[in-house]
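Here's the structure, in structure tokens; my notes come after.
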Number of protein chains: 2
Amino acid sequence: VRPSNPAELVADSRTSRRALARLLSLVEDRDATLPEIMARLVTCAGRAVVVGVTGPPGAGKSTTTSALVAAWRAAGRRVAVLAVDPSSPVTGGALLGDRIRMQAHALDPGVFIRSMASRGHLGGLSAAAPQAIRVLEAAGFDVVVVETVGVGQADVEVAAMADTTVVLVAPGMGDGVQAAKAGILEVGDVLVVNKADHDGARATLRDLRQMLGLGAPREPGAWRPVVVATVATTGDGVADLVEALDKHRDWLQTGEGAARRARRAQAEIQALALDLVRRLGPDEDGGSRLAALASDVAAGRLDPYTAAERLLDRP
Amino acid sequence: VRPSNPAELVADSRTSRRALARLLSLVEDRDATLPEIMARLVTCAGRAVVVGVTGPPGAGKSTTTSALVAAWRAAGRRVAVLAVDPSSPVTGGALLGDRIRMQAHALDPGVFIRSMASRGHLGGLSAAAPQAIRVLEAAGFDVVVVETVGVGQADVEVAAMADTTVVLVAPGMGDGVQAAKAGILEVGDVLVVNKADHDGARATLRDLRQMLGLGAPREPGAWRPVVVATVATTGDGVADLVEALDKHRDWLQTGEGAARRARRAQAEIQALALDLVRRLGPDEDGGSRLAALASDVAAGRLDPYTAAERLLDRP
């Protein structure tokens, strides 16, 4: 392991891909220097647009992301892609395999691609992903795409970290129903029926629009999810998707953008606070206090709830 | 749902099985009255011997527990059995099916049997099981058996809540090796080769004794795990098992018993503290503070680690 100087790494991350990669590894490994690193990134918060891309396996997430990256690059925007797998402690084969489709951008210095696994930490991803986003913002990217694997609750949590969430489905009612069951349609600001040249695409589009229409009435000024049809492999519809994303970005300026970022920060702060409490174990700072409280509880002098309250009280 | 008065329920739990069952439901459901209930049980801590029974499915945990219950009842001791399934949000079929074997004790007022599921709460079981034990201690049971399903880490955690842990295996090398891999042999104070009349029992006994011999050298005064052979269905060897448990109970008096209870209290306090932090969400007490911290983080005025520290600082 190379020695890491947080100050230097942060300073170098705008120009050195190696420094950037090292910073993201520190985030992923929950390194002890993270508090210092994050303190150095404070003022960079909110610089990039964070776009979440999710949907069931096979919907074409990587191909669509790749097409979006090409469109944004053509407009001169720097793009980072964070591929996150909440379901697996190490990034699974499927996600890594998909990375191959991103090779078109491998030599473009304006594009940075990174896979990130949860490493089995409880709440690890909900703490790590916002930090990775912050590192990429500070490194000067205009757009950060968070691509997730589309398999349930953890995925919804990750999607909640985005400013704009794109939910992809492929034709065939199964996907749509599954996505609705998993709750990922609800988090979609833009819904994409990819592989729109396949059989059943029209029915899937109709189903999605119907589902959206059946939802609870929206408040005035609320965002109305947009449904877009694409064929990511040929680029058909990608311009419509970019337009929908731009429209949503403009809408965020009405105030919802700040609200979403505050919600994201809430989840992050809570995850870090839980981490701090978890570290109040026998081998850490709070150890002696916890041990004293525990022997009082074990001896019948104190109840465990009062002990927990006292553990959280700072000395 | 019947109204629940914690004071009355606690007072009645020594004589009323209904009150006892209701208290355990409140523990399982993480009811808001738990702090008050636990405060009323403080002085009862440590009254019962807690015996953990674990091992792979099919090793004969319920049959062995049933035989132990019969032996303890013959000695005039009141026994509670807590059957815990850490792997499933609701108690699974296998565990409920096993309960049928306990029917011999169903009409005995000195025996109380209860299944408990983790209900999918993170850390739910590590908080709930010690509380259930405390409720049963306060209700006047002399022995509390915690029977778990024997499938990995969560199981080891539950076993750690016991004063004495019994690990069962059935003949056949596979079981022994799997148990060793899962780490459950290490937590066993008493190892039982059940179904000792089956083929391969002698080899399994030899393997277990060899594994124990290969372990790190023990400190003077440390407990040396005992290996016992039983045929729980006929009662063969059960007297040896009871003797081994009594021997371990006597050894606990040397000081290790208090240490184990303190460790158990540590895990419980930590789980409750995590729960308190989790409740510092938007809809709870700390909500406004978390929201204020989050908007500072989102606006680039504060780093998330400092925010987490401040969230834990009491106002």
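Just the heavy atoms: all of them, side chains too, but no hydrogens, waters or symmetry mates, feed the values below. Order of the sequence lines sets the chain letters (A, B, ...), proteins ahead of strands, with each chain counted from 1.
- Annotation: maximal heavy-atom pairing with chain A below 4.5 Å, among B:A299, B:A262, B:S295, B:A258, occurs at B:A262.
- Nearest approach of A:V297 to B:I269, heavy atoms of both residues: CG2-CD1, 3.9 Å.
- Atom CD of residue A:Q266 and atom CG of residue B:L293 lie 9.0 Å apart, to the nearest 0.5 angstrom.
- Between A:A298 and B:A265 the shortest heavy-atom distance is N-CB, 4.2 Å.
- For A:D142, there are no salt bridge (charged side-chain N to carboxylate O under 4.0 Å, His left out) partners two or more places apart in sequence or in a different chain.
- Both the backbone and the side chain of B:T43 have a heavy atom closer than 4.5 Å to some heavy atom of chain A.
- Taking CG of B:L272 as the start and CD of A:E309 as the end, the distance is 10.0 Å to the nearest 0.5 Å.
- In terms of the salt bridge (charged side-chain N to carboxylate O under 4.0 Å, His left out) criterion, residue partners of A:R134 (sequence neighbours excluded) are, by chain and number, A:E268.
- Residues A:L41 and B:D303 form no side-chain contact, since every pair of their non-hydrogen atoms from C-beta on lies 4.5 Å or further apart.
- Scanning all heavy atoms of the two residues, the minimum distance from A:A273 to B:L311 falls at CB-CD2, 4.0 Å.
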